[in-house]
Amino acid sequence: MNRPSGKAGFAGVVGDPVVHSLSPRLMAHWISICELDAFYVPFAVRPDGFEIFVRGLARSQAAGLNVTLPHKETALVLADTVSPAAAAIGAANLLTFKAGAVHADNTDAAGFLAALEPANIPYRQSTALVLGAGGAARAVVHALLTSNISRLILTNRNRDRAEQLAADLAPGAEIVDWDERSDVLACSDLVVNATSLGLKGETDLVMDWSAVKTGAVAFDSVYTPLETGFLAEARGAGLVGIDGLDMLIGQARPSFQAFFGRPAPERPDVRPILVGAPGMTA
Ligand code: NAP
């Protein structure tokens with residue numbers, strides 16, 4: 001365990017609640033590997049105190065904050081400057097501080113692409129089906145568009161939200177009704193669960209996997225549990241399955257770089273540290 005000095009740099013994650021966040025465990029691992037004079041703290045802050053908390057911290061020696069629910073939209077609004085990714089997605093999960101000013105960024109899209117890297121998807125020749133239209137779906141859609149995905153199909157239980165997402169981010173996207181979501185599996189190279197279905201305590205995202213494309217990839221943004229019903233069934237149907245933990249790690253890497261001025265170490269792998277966290281089930 002590193003012992004921070006009086007000159008220690010620090011950053012944290014702010015949410016309400018924040019007790020389930022894996023970020024402190026993840027960042028502590030990297031801080032320790034790099035032997036940094038730094039620490040990373042979870043902050044439970046209620047919405048009515050969020051802005052004053054951020055403004056105050058920005059005037060301290062803090063490097064910045066990761067932001068989790070329910071503050072991601074407010075974080076974007078209160079920031080003095082905003083990155084193109086955060087502006088497009090409409091939410092910020094990373095705030096950095098410089099001379100009292102607050103800069104908002106969103107690294108969820110980068111995290112999603114990092115998780116998919118091992119699958120080597122040829123985006124320019126691929127069709128992606130994105131299920132969901134909330135914050136995670138917006139980050140996924142932004143990532144796919146910046147990767148020049150050839151064809152994008154969106155579906156959401158509430159169709160209006162999918163249409164709004166398309167209007168905001170992806171005017172060329174096709175929208176299918178939620179009840180017809182399985183009909184487009186036969187032409188989908190990438191299938192993304194960006195809904196909260198499958199989260200511990202929620203029902204599973206059910207698909208009819210009887211007609212799928214050979215070599216297709218299924219990604220689940222959910223990571224508690226790691227093996228959702230959606231992923232298990234996709235793997236059973238022959239798809240390559242990728243869970244949401246790699247996206248979580250992928251979104252944290254640019255944060256670590258922004259806070260501590262150096263890349264997060266690749267080795268030893270942080271994944272086993274997170275899989276062993278209380279509340280995680282493989
Ligand atoms: P959100 O903004 O609340 O959106 C929730 C989405 O789930 C909406 O599309 C909603 O559809 C859909 N949904 C909820 N219940 C449903 C049901 N019973 N049937 C069908 N659809 C349902 O949440 P979010 O921030 O996008 O998060 C979505 C998931 O991504 C969460 O599990 C979150 O943990 C995960 N996530 C993971 C990472 C990562 O790093 N791995 C990062 C961000 C988020 P309606 O619009 O019809 O309500």
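What you see below is based on every heavy atom in this structure, not just the backbone, and it leaves out hydrogens, waters and symmetry mates. We count residues from 1, following the sequence as given. Order of listing sets the numbers, starting from 1, for every ligand and every atom in it.
- Side-chain contact of Q164 with D160: a donor-acceptor pair under 3.5 Å is absent, judged by distance alone.
- Proximity of A139 to ligand 1, defined as any heavy-atom pair under 4.0 Å, is not found for any part of the residue.
- Within the 4.0 Å heavy-atom criterion, the part of N156 lying near ligand 1 is the side chain and not the backbone.
- In this comparison of P70, G134, A162, A194, the heavy atom closest to atom 28 (C) of ligand 1 sits on A194.
- The backbone N or O of V18 sits nowhere less than 3.5 Å from a side-chain atom of S21 that would complete a donor-acceptor pair.
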Self-check item: Verdict with reasoning, D80 to K98, per salt bridge (Lys or Arg N to Asp or Glu O under 4.0 Å)
Solution: CA-CA 11 Å; D80 301 299; K98 199 168 181 187; over 6 Å; no
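- Not a single heavy atom of F112 sits less than 4.0 Å from an atom of ligand 1.
- For a threshold of 3.5 Å applied to N or O pairs, the pair formed by G244 and ligand 1 contains at least one separation below that value.
- Between T81 and H103, the side chains place a donor N or O and an acceptor N or O closer than 3.5 Å (distance only, hydrogens not considered).
- Side-chain atoms of S5 come within 3.5 Å of backbone N or O of K7 as a donor-acceptor pair.
- D246 and R271 are joined by a salt bridge, as a carboxylate oxygen and a charged side-chain nitrogen come within less than 4.0 angstrom of each other.
- With a 4.0 Å cut-off on non-hydrogen atoms, L197 touches ligand 1 through its side chain and not its backbone.
- At least one N or O atom of G135, backbone or side chain, sits closer than 3.5 Å to an N or O atom of ligand 1.
- Between the side chains of S83 and D105, at least one donor N or O lies within less than 3.5 Å of an accepting N or O.
- The heavy atom nearest to atom 18 (N) of ligand 1, out of those in M247, R157, Q164, R138, is found in R157.
- Distance alone, capped at 3.5 Å, is enough to place a donor-acceptor pair between the N106 side chain and the A91 backbone.
- When each of T195, V206, V191 is checked for a side chain to side chain contact (heavy atoms under 4.5 Å, CB included) with F230, only V191 meets the rule.
- Within a 4.0 Å radius of atom 23 (O) of ligand 1, the protein has no heavy atom.
- Between L69 and ligand 1, no N or O atom pair is found at a separation short of 3.5 Å.
- Proximity of atom 3 (O) of ligand 1 to the protein is not indicated, since no non-hydrogen protein atom lies closer than 4.0 angstrom.
- A donor-acceptor contact closer than 3.5 angstrom is absent between the side chains of Y123 and D189.
- Distances from ligand 1 to the non-hydrogen atoms of G111 include no value under 4.0 Å.
- Taking only non-hydrogen atoms, the option from A91, S221, S196 nearest to atom 13 (N) of ligand 1 is S196.
- By the 3.5 Å distance cut-off applied to N or O atoms, K72 is not counted among the residues near ligand 1.
- Looking at T107, its side chain does come within 3.5 Å of a backbone N or O of Q251 through a donor-acceptor pair.
- Residue contacts with ligand 1 for T195 involve both N, CA, C or O and side-chain atoms from C-beta outward (heavy atoms, distance under 4.0 Å).
- Residue contacts with ligand 1: R161 is placed with a nitrogen or oxygen under 3.5 Å of a nitrogen or oxygen of the ligand (distance criterion only).
- Note that atom 16 (C) of ligand 1 has protein non-hydrogen atoms nearby, at separations under 4.0 angstrom.
- Considering backbone and side-chain atoms alike, Y223 places every N or O at 3.5 Å or more from each N or O of ligand 1.
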